[in-house]
Novice: 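If you scroll down you'll find the structure; I have some questions about it.
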Amino acid sequence: MTKKTKKLLILYFFAAILVVSIITVKIYNKPFINIAESKPSLSLASEVLLSDFINDESTANTKYLEELIQVNGTITAIEEGKDGNDIITLGNENTIGSIICHLSKNEKNLKTGQEISIKGICTGYLMDVILVKCVIVP
């Protein structure tokens, strides 16, 4: 290996370390989004969101994935998650899937059959649409 080749390898190595460092700092310093105070990108009914994913998942992913959205729907189930916060399911008996909403904090006044509006970040679809960091919209 020549001296010139060694110098190029060392230069590429340090350039790669620099790029990785910059990306790491950008990800680490990504701003926190306060879901409760942020305005949603979209507001729609739970049936519309679910049917969009059922009919064309790739288009729905482009439209909804990692977006803060507000969904209006009927609670069909309430469960306690592993972290102690509630997980509510929105939907109806006529659809195959549903919308699973992981709440940021527990809500005491929720009941099945209740109509609610909820904001959360859409993380995708696997038979159900998943929303995380959800808050109830008053």
Novice: Mind checking side-chain hydrogen bond (donor to acceptor under 3.5 Å, both in side chains) for Asp56 and listing every partner two or more places apart, or none if nothing turns up?
Specialist: Ser58, Thr59
Novice: Kindly give the heavy-atom pair with the smallest separation between Lys63 and Asp52, and that separation in Å.
Specialist: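 Residues Lys63 and Asp52, closest heavy atoms: NZ-OD2, 4.2 Å.
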Novice: Who passes side-chain hydrogen bond (donor to acceptor under 3.5 Å, both in side chains) against Glu67, sequence neighbours left out?
Specialist: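 Counting only residues at least two positions away or on another chain, Glu67 forms a side-chain hydrogen bond (donor to acceptor under 3.5 Å, both in side chains) with Ser41.
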Novice: Flag yes if Ile54 and Leu90 sit in one hydrophobic cluster, no otherwise; membership is Ile, Leu, Val, Met, Phe, Trp, Tyr, and two members link when side-chain heavy atoms are under 4.5 Å apart.
Specialist: yes
Novice: Is there a path from Ile100 to Ile88 through hydrophobic residues (I, L, V, M, F, W, Y) whose side chains come within less than 4.5 Å of each other?
Specialist: no
Novice: Rounded at 0.5 Å granularity, tell me how far CG in Leu65 sits from OG1 in Thr123.
Specialist: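 Between Leu65 CG and Thr123 OG1, I get 7.5 Å after rounding to 0.5 Å.
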Novice: Only counting residues at least two apart or in another chain, list the ones meeting side-chain contact (heavy atoms from CB on, under 4.5 Å) with Ala45.
Specialist: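 Applying side-chain contact (heavy atoms from CB on, under 4.5 Å) to Ala45 gives Glu47, Val48.
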Novice: Nearest 0.5 Å, what's the SG-CG distance between Cys122 and Asn61?
Specialist: 7.5 Å
Novice: Can you give each donor-acceptor pair under 3.5 Å made by side-chain atoms of residues 15-25, sequence neighbours left out, with the distance rounded to 0.1 Å?
Specialist:
| unit_1 | atom_1 | unit_2 | atom_2 | d |
| --- | --- | --- | --- | --- |
| Ser21 | OG | Ile17 | O | 2.8 |
| Thr24 | OG1 | Val20 | O | 2.8 |

Novice: Taking a hydrophobic cluster as the set of Ile, Leu, Val, Met, Phe, Trp and Tyr residues connected by side-chain heavy atoms closer than 4.5 Å, whether directly or through intermediates, do Ile116 and Ile121 fall within one such cluster?
Specialist: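 Unlinked, Ile116 and Ile121 end up in two clusters.
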Novice: Which pairs count as ring pair (Phe, Tyr, Trp, His ring centres under 6.0 Å) when at least one residue sits in residues 65-123, sequence neighbours excluded?
Specialist: none
Novice: Please write out which residues are connected to Tyr28 in a hydrophobic cluster, directly or through intermediates, given that two of Ile, Leu, Val, Met, Phe, Trp, Tyr count as joined at side-chain heavy-atom separations below 4.5 angstrom.
Specialist: none
Novice: Look at the side-chain heavy atoms of Ile, Leu, Val, Met, Phe, Trp and Tyr, link any pair under 4.5 Å apart, and say whether Ile87 and Ile118 land in one connected group.
Specialist: no
Novice: Output all residues satisfying side-chain contact (heavy atoms from CB on, under 4.5 Å) with Asn55, sequence neighbours left out; order by chain, then residue number.
Specialist: Ser51
Novice: If you link I, L, V, M, F, W and Y whenever their side-chain heavy atoms are under 4.5 Å apart, who else ends up in the same group as Leu126?
Specialist: none
Novice: Who pairs with Phe53 by ring-ring contact (aromatic ring centres under 6.0 Å, His included), at least two apart in sequence or on another chain?
Specialist: Tyr64, Tyr125
Novice: Can I get a per-line list of side-chain donor-acceptor pairs under 3.5 Å for residues 68-75, giving both atom names and the distance, sequence neighbours left out?
Specialist:
| unit_1 | atom_1 | unit_2 | atom_2 | d |
| --- | --- | --- | --- | --- |
| Asn72 | OD1 | Ser117 | OG | 2.4 |
| Thr74 | OG1 | Glu115 | OE2 | 2.3 |

Novice: Which pairs would a plain distance check flag for residues 128-138, meaning a side-chain donor or acceptor within less than 3.5 Å of a matching protein atom at least two apart in sequence or in another chain?
Specialist:
| unit_1 | atom_1 | unit_2 | atom_2 | d |
| --- | --- | --- | --- | --- |
| Asp128 | OD1 | Ser98 | N | 2.9 |
| Asp128 | OD1 | Ser98 | OG | 2.9 |

Novice: Show me the donor-acceptor pairs within less than 3.5 Å that the side chains of residues 1-11 make with the rest of the protein, sequence neighbours left out.
Specialist:
| unit_1 | atom_1 | unit_2 | atom_2 | d |
| --- | --- | --- | --- | --- |
| Thr2 | OG1 | Thr5 | N | 3.3 |
| Thr2 | OG1 | Thr5 | OG1 | 2.8 |

